[in-house]
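All values reported here derive from a predicted model rather than from experimental measurement.
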Amino acid sequence: QVQLVESGGGLVQPGGSLRLSCVASGSISSFNTMAWFRQPPGRQRELVAGMTGGCGPNYGDSVKGRFTISTDNTKNTVYLQMSGLKPEDTAVYYCYAQRRRNLRSYDYWGQGTQVTVSS
């Protein structure tokens, strides 16, 4: 079974930094995609950063140059390092993983962690 558990959210000042962690119950290498999404209040969920096997990282336009996605396979963990945070980054951040087996795709979501950027 697969579980994704996010942590690291909290309140941070504009311009500050924060690192989110997502610990997977399975090996990171077993997923073809690992990603972070976020959902601001009253807005649709959007892609923040993603990694697909064989491809480079992909970032949403609004976070390019400020956020970095990375993994630590020994810890079954994916990270989202956020810097230069802005109030518009305030959202619930979700960890996402996709695994493909046979002809089916399996999507997994964490419960989310709140990030609030405010002075």
Side-chain angles (χ1 to χ4, degrees):
Q1 59 181 6
V2 174
Q3 288 185 311
L4 304 174
V5 181
E6 304 101 329
S7 63
L11 176 65
V12 63
Q13 297 283 95
S17 298
L18 204 61
R19 188 179 75 164
L20 305 183
S21 299
C22 172
V23 179
S25 59
S27 174
I28 295 295
S29 64
S30 70
F31 302 102
N32 63 283
T33 296
M34 298 292 301
W36 289 93
F37 288 76
R38 69 185 183 187
Q39 187 164 15
R43 306 295 294 274
Q44 294 182 335
R45 189 172 297 186
E46 64 183 11
L47 175 69
V48 177
M51 300 180 67
T52 299
C55 300
N58 182 42
Y59 297 96
D61 289 341
S62 63
V63 307
K64 287 181 179 177
R66 300 188 297 120
F67 291 12
T68 301
I69 186 171
S70 63
T71 60
D72 185 339
N73 291 341
T74 66
K75 298 180 179 179
N76 294 331
T77 301
V78 59
Y79 302 97
L80 183 68
Q81 179 66 51
M82 305 181 292
S83 62
L85 285 164
K86 306 174 181 179
E88 51 263 46
D89 294 319
T90 296
V92 178
Y93 284 70
Y94 296 92
C95 184
Y96 166 83
Q98 183 184 80
R99 176 181 289 160
R100 295 183 184 273
R101 291 291 183 273
N102 297 321
L103 299 179
R104 292 181 288 181
S105 295
Y106 302 86
D107 300 317
Y108 306 96
W109 293 92
Q111 294 299 309
T113 184
Q114 176 71 47
V115 173
T116 302
V117 184
S118 177
S119 59

Seminar exercise, completed: So disulfide (SG to SG under 2.5 Å) across residues 56-119, not counting sequence neighbours, yields Cys22-Cys95
Problem set entry | Pairwise side-chain contact, Ser105 with Gln98, heavy-atom cut-off 4.5 Å (strictly under) | yes
Seminar exercise, completed: Residues pairing under salt bridge (charged side-chain N to carboxylate O under 4.0 Å, His left out) where one sits in residues 110-119, two or more places apart or in two chains, turn out to be none
Problem set entry | salt bridge (charged side-chain N to carboxylate O under 4.0 Å, His left out) contacts in which one or both residues fall within residues 98-119, not counting sequence neighbours | none
Exercise. Looking at residues at least two apart in the chain, or sitting in another chain, which of them share a side chain to side chain contact (heavy atoms under 4.5 Å, CB included) with Ser29?
Worked result: Ser27
Exercise. Taking only residues two or more places apart in sequence, or in another chain, which ones meet Glu88 in a salt bridge (charged side-chain N to carboxylate O under 4.0 Å, His left out)?
Worked result: none
Exercise. When the ring planes of Tyr96 and Trp109 are compared, do they come out parallel, tilted or perpendicular, using 30° and 60° as the limits?
Worked result: tilted
Problem set entry | For Asp61, all residues meeting salt bridge (charged side-chain N to carboxylate O under 4.0 Å, His left out), sequence neighbours excluded | Lys64
Problem set entry | Partners meeting side chain to side chain donor-acceptor pair (under 3.5 Å) with Gln114 (sequence neighbours left out) | Thr116
Exercise. Tell me the side-chain hydrogen bond (donor to acceptor under 3.5 Å, both in side chains) pairs involving residues 2-23, sequence neighbours left out?
Worked result: none
For this session: For Asp89 and Gly84, work out which heavy atoms get closest and say how close.
Result: OD2-O, 4.4 Å
Problem set entry | Sequence-distant partners of Thr52, side chain to side chain donor-acceptor pair (under 3.5 Å), two or more places apart | Thr33
For this session: Using side chain to side chain contact (heavy atoms under 4.5 Å, CB included) as the criterion, list what pairs up with Thr74, not counting sequence neighbours.
Result: Asp72
Seminar exercise, completed: side-chain hydrogen bond (donor to acceptor under 3.5 Å, both in side chains) pairs touching residues 39-49, sequence neighbours excluded, are Arg38-Glu46
Exercise. If you round to the nearest 0.5 Å, how far is OG of Ser119 from CG of Leu11?
Worked result: 9.5 Å
For this session: Linking directly or through intermediates, with side-chain heavy atoms under 4.5 Å: list the remaining ILVMFWY members grouped with Met82, chain and number order.
Result: Val2, Leu4, Val12, Leu18, Leu20, Ile28, Phe31, Met34, Trp36, Val48, Met51, Tyr59, Val63, Phe67, Ile69, Val78, Leu80, Leu85, Tyr93, Tyr106, Tyr108, Val115, Val117
